[in-house]
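Atom set for the values below is all heavy atoms of this structure, side chains included, hydrogens, waters and symmetry mates excluded. In each ligand, atom 1 is the first atom listed, and ligand 1 is the first ligand listed.
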Amino acid sequence: MRFFIDTADIGEIRDLAATGLVDGVTTNPSLVAKTGRDFIEVLKEICAIVPGPVSAEVAATDTQTMLSEGRLLAAVAKNVVIKVPLTPDGLKACRAFTDEGTPVNVTLCFSAAQAILAAKAGARYVSPFVGRLDDIGADGLDLIADIVEIYNAYPDFTTEVLVASVRGAAHVVESAKMGAHVATLPPAILRAMFKHPLTDKGLEAFLADWAKTGQSILDTKTNGTANGSKSTRRRA
Ligand code: G3P
């Protein structure tokens with residue numbers, strides 16, 4: 001499963017990209033607005049930090065203006081993916097972008113019917129919003145299951161399921177079980193995925209026991225290979 005980071009915050013992106021676990025970035029107008037910065041400048045910086053796909057969303061609602069905006073965004077860097085809303089105009093723009101070789105992430109998907117349309121429009125990704133469905137008492141993961149089942153039934157559907165509006169690790173784990181291709185994670189959720197109390201407890205115990213040995217792995221006296229002496233390891 002590929003992990004994208006769902007933020008436009010440069011500091012967060014830089015910090016998490018250093019983990020080697022970040023395969024791309026998704027932004028949207030709300031996330032860009034939170035930065036208080038110029039969109040194009042932020043997009044340039046994100047694309048320079050993360051070589052993987054970086055979704056940049058158009059602000060227009062009509063196809064022609066979406067195309068103008070999207071072409072400008074695509075020119076910022078080669079790893080830009082254009083994000084369009086799942087509307088008739090958005091899918092017309094999706095088809096046009098796809099035909100000219102520009103990848104598209106179709107966002108604000110809330111039903112399997114919509115996801116079928118996104119695939120037919122040639123989207124590279126469809127972004128079903130799991131958390132916002134949960135927020136209204138629906139089951140966002142049911143939508144992921146439906147989309148994965150439908151897409152798997154049609155080999156000519158090349159669109160990848162990009163799970164969005166993720167509210168916790170459970171959304172990631174359950175979507176992964178279903179075979180969703182990508183999850184886009186708020187930074188706090190990726191960080192939370194590292195955490196387990198038994199890991200902390202186990203590491204504390206290992207370190208306490210190691211301290212009792214009085215040894216240091218880097219201290220060459222400990223392993224008998226004093227400076228300059230030949231390693232005793234057999235070559236594989
Ligand atoms: O990528 C879409 C995501 O940013 C929406 O998340 O939490 O606003 O539903 P949320």
Original post:
Any side-chain heavy atom of Arg124 within less than 4.5 Å of one from Val104?
Top reply: no
**OP:** Indicate whether the side chain of Thr26 and that of Ser55 have a donor and an acceptor atom separated by less than 3.5 Å.
**Re:** no
Original post:
Any nitrogen or oxygen of Arg167, main chain or side chain, under 3.5 Å from a nitrogen or oxygen of ligand 1?
Top reply: yes
Original post:
Taking the non-hydrogen atoms of Lys83, is any one of them nearer than 4.0 angstrom to ligand 1?
Top reply: yes
Original post:
For atom 8 (O) of ligand 1, what is the nearest protein heavy atom, given as residue, atom name and distance?
Top reply: Arg132 NH2, 2.9 Å
Original post:
Taking the side chain as C-beta and beyond, is there a heavy-atom pair between Thr87 and Leu91 under 4.5 Å?
Top reply: no
Subject >> Closest to atom 3 (C) of ligand 1 (judged by heavy-atom distance), picking from Leu162, Thr26, Asp6, Asn105 >> reply: Asp6
Original post:
What residues, two or more places apart in sequence or in another chain, satisfy side-chain contact (heavy atoms from CB on, under 4.5 Å) together with Leu21?
Top reply: Thr19, Phe194
**OP:** Could you tell me the residue and atom name of the protein heavy atom closest to atom 6 (O) of ligand 1, and the distance to it rounded to 0.1 Å?
**Re:** Ser165 CA, 3.5 Å
**OP:** Would you mind checking if Asp209 and Lys212 are paired as a salt bridge, meaning a charged N to carboxylate O distance below 4.0 Å?
**Re:** yes
Original post:
Do the charged groups of Arg191 and Asp15 touch, with an N to O distance under 4.0 Å?
Top reply: yes
Original post:
How close does the nearest protein non-hydrogen atom get to atom 2 (C) of ligand 1, and which residue and atom is it?
Top reply: Phe129 CZ, 3.4 Å
Original post:
Counting heavy atoms only, which part of Val166 comes closer than 4.0 Å to ligand 1: side chain, backbone, both or neither?
Top reply: neither
